[in-house]
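Atom set for the values below is all heavy atoms of this structure, side chains included, hydrogens, waters and symmetry mates excluded. Residue numbering restarts at 1 for every chain, and letters A, B, ... go by the order of the sequence lines.
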2 protein chains.
Amino acid sequence: MPAHKTAETATRPARALRGKRARAAAEDSVPAEDAGGAEVFAVDTVNASFLESLLGYNARRASLSLVGVFMKCMTRFDLKIVEFSVLSLVGRNPGITSRQLCQQLDMLPPNMVGMIDALARRDFLERRPHPRDGRATGLYLTASGRELVDTAEPQLKSSEEKAVAHLSEAERVQLMHLLQKLYR
Amino acid sequence: MPAHKTAETATRPARALRGKRARAAAEDSVPAEDAGGAEVFAVDTVNASFLESLLGYNARRASLSLVGVFMKCMTRFDLKIVEFSVLSLVGRNPGITSRQLCQQLDMLPPNMVGMIDALARRDFLERRPHPRDGRATGLYLTASGRELVDTAEPQLKSSEEKAVAHLSEAERVQLMHLLQKLYR
DNA sequence: TATTGTTATACTCTATAACTATA
DNA sequence: TATAGTTATAGAGTATAACAATA
């Protein structure tokens, strides 16, 4: 999935989750006038009805909510989410190239280099030559990389399960299905 | 929803959407050996089964997909998504303060200042004193800001509708419900 | 000629500290 | 003492161009 990016940066999903429950309500306008005679109001409860009517807005907030759960879960391993994703992918795809990782994780090659360097320096993965392409480099988990992935994956899974425990199994299946239908 | 951020930056949702359909498949390993005698493989089809088993991963990709639709839709107005969000909120909440916008949109006050300045310079909104709090500033759409919002909102709505047209009305309602259940 | 990995670098977005005016 | 808005700045994350080695 190569191309150019968009704009949905978010390093703090926690925030989006504690937002005011500002539904379509009265706007609590308290009319008055400023010096120039223009009307001025005080907003008591924020009305976000339009944004909240968009699937995209709700998908983003739901996404940020779970991203927050993942981030918190990964702190104990001192891993960012993309770093874990790289290790998980390398674990299931020994010999994967950085180009393939970039495609899978929607990153640009120049920005992958440093991450792989860092993970290699921490002895979680290593580079070996590609069997058929002299330009490429295959990536492999080290023993401690394998140990990390095998520990982290189940913890991620169970932290997500805890986070969505208030949904029934049927709802989770349905949600997964609908989400995939949305982007596939 | 104040606090600190996380890490899900994405300026290019388009990419995530064109990703390989790498389901849990054979790993297409082509065993060989490198100079040191270690085994090397070539990965043909990427196996992303673990990531794809996470609701969070799927929610993020779905979110990025719709964010991409929104971005493209807003280019004709030369607006970023957050800029549109600000205008939409100001439109429904005349007199809203920058602090309230920050809470609603999960932004930090210092990063809101420049955006409001820019939107004011483009004559889409203006600041007026707050009727009851001398520290605060109320935000209001100008006539052209109102015109912009009234034009952009229906276009965003219909571009999303087009993007999710392959879901039935019942599915969209169900998805909206489940997403809100996830983060509220 | 095209592609992989890489360097260098610019740009955008996000975060923290500190200041002022007001509450 | 606390809060709203602001400034300045640091730090991530993302972007493009260009190069050497290989296809």
Side-chain angles (χ1 to χ4, degrees), chain A residues 1-16 42-43 60 64 67-68 71 79-83 85-86 95-103 105-120 125-139, chain B residues 1-16 42-43 60 64 67-68 71 79-83 85-86 95-118 120 125-139:
Chain A
M1 42 199 159
H4 11 246
K5 281 241 173 163
T6 319
E8 174 190 326
T9 314
T11 326
R12 342 183 306 266
R15 214 120 34 110
V43 172
R60 176 161 194 274
L64 290 178
V67 163
M71 272 196 22
L79 283 181
K80 293 167 203 158
I81 294 180
V82 295
E83 290 174 328
S85 302
V86 164
I96 193 172
T97 67
S98 70
R99 216 75 183 189
Q100 289 173 309
L101 284 175
C102 284
Q103 289 173 342
L105 297 176
D106 189 27
M107 287 181 61
L108 294 171
N111 301 327
M112 181 64 79
V113 177
M115 210 168 65
I116 291 174
D117 281 345
L119 292 172
L125 51 76
E126 62 182 19
R127 295 178 232 234
R128 298 183 202 156
H130 190 282
R132 297 194 310 261
D133 189 338
R135 298 167 302 180
T137 309
L139 298 169
Chain B
M1 41 197 161
H4 11 245
K5 281 240 174 163
T6 319
E8 173 191 327
T9 314
T11 328
R12 343 182 305 266
R15 224 153 348 131
V43 172
R60 177 160 193 274
L64 289 179
V67 163
M71 272 196 22
L79 283 181
K80 294 168 203 157
I81 294 180
V82 292
E83 290 175 326
S85 302
V86 164
I96 193 173
T97 68
S98 70
R99 215 76 183 188
Q100 289 173 308
L101 285 175
C102 284
Q103 289 174 341
Q104 192 67 43
L105 298 175
D106 189 27
M107 287 181 61
L108 293 171
N111 302 327
M112 181 65 79
V113 177
M115 209 168 66
I116 291 173
D117 281 346
L125 53 74
E126 63 182 19
R127 296 179 231 235
R128 297 182 201 156
H130 190 282
R132 296 193 310 261
D133 189 338
R135 298 168 302 180
T137 309
L139 298 169

>> With rounding to the nearest 0.5 angstrom, report the CZ to CG distance, A/Arg127 to A/Asp117.
In response: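 Answer for the CZ-CG pair, A/Arg127 versus A/Asp117, is 4.5 Å.
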
> CG/B/Leu125 to CD1/B/Ile116 distance, rounded to the nearest 0.5 angstrom?
Replying inline: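 With rounding to 0.5 Å, CG (B/Leu125) is 7.0 Å from CD1 (B/Ile116).
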
Roughly how many Å is it from [atom1] in [X] to [atom2] in [N], rounded to a whole number?
| X | N | atom1 | atom2 | value |
| --- | --- | --- | --- | --- |
| B/Ile116 | D/dA4 | CD1 | P | 13 Å |
| B/Asp117 | D/dG5 | CG | C1' | 11 Å |
| A/Met112 | D/dG13 | CE | C1' | 13 Å |
| B/Leu64 | D/dT14 | CG | C1' | 14 Å |
| A/Arg127 | C/dG5 | CZ | P | 9 Å |
| A/Leu108 | C/dT9 | CG | P | 19 Å |
| B/Gln103 | D/dA4 | CD | C1' | 11 Å |
| A/Arg128 | C/dG5 | CZ | P | 16 Å |

>> From C-beta outward on B/Asn111, which listed nucleotide comes closest to its side chain: C/dG5, D/dT6, C/dT14?
In response: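 Nearest to the side chain of B/Asn111 among the choices is C/dT14.
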
> Could you run down nucleotides 17-23 of chain C 5' to 3' and tag each one B, S or - for protein heavy-atom contact under 4.0 Å?
Replying inline: B---BBS

If you look at every heavy atom in [X] and [Y], which pair is closest and at what distance?
| X | Y | result |
| --- | --- | --- |
| A/Leu105 | A/Ser85 | CD2-CB, 3.8 Å |
| A/Val67 | B/Arg60 | CG2-CD, 4.4 Å |
| B/Val86 | B/Met112 | CG2-SD, 4.2 Å |

> Is any side-chain N or O of A/Lys80 closer than 4.0 Å to OP1 or OP2 of D/dA12?
Replying inline: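 For D/dA12, OP1/OP2 do not have a side-chain N/O of A/Lys80 under 4.0 Å.
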
>> It should be established whether A/Thr97 places a side-chain nitrogen or oxygen under 4.0 Å from OP1 or OP2 of nucleotide C/dT4.
In response: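 No, because none of the side-chain N or O atoms of A/Thr97 sits under 4.0 Å from OP1 or OP2 of C/dT4.
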
> Do you know which of B/Ile96, B/Leu139, B/Thr97 makes side-chain contact (heavy atoms from CB on, under 4.5 Å) with A/Val43?
Replying inline: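 Passing option: B/Ile96.
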
> salt bridge (charged side-chain N to carboxylate O under 4.0 Å, His left out) with A/Glu126: which residues, sequence neighbours excluded?
Replying inline: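 Testing A/Glu126 for salt bridge (charged side-chain N to carboxylate O under 4.0 Å, His left out), a comparison that skips the adjacent residues, returns A/Arg128.
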
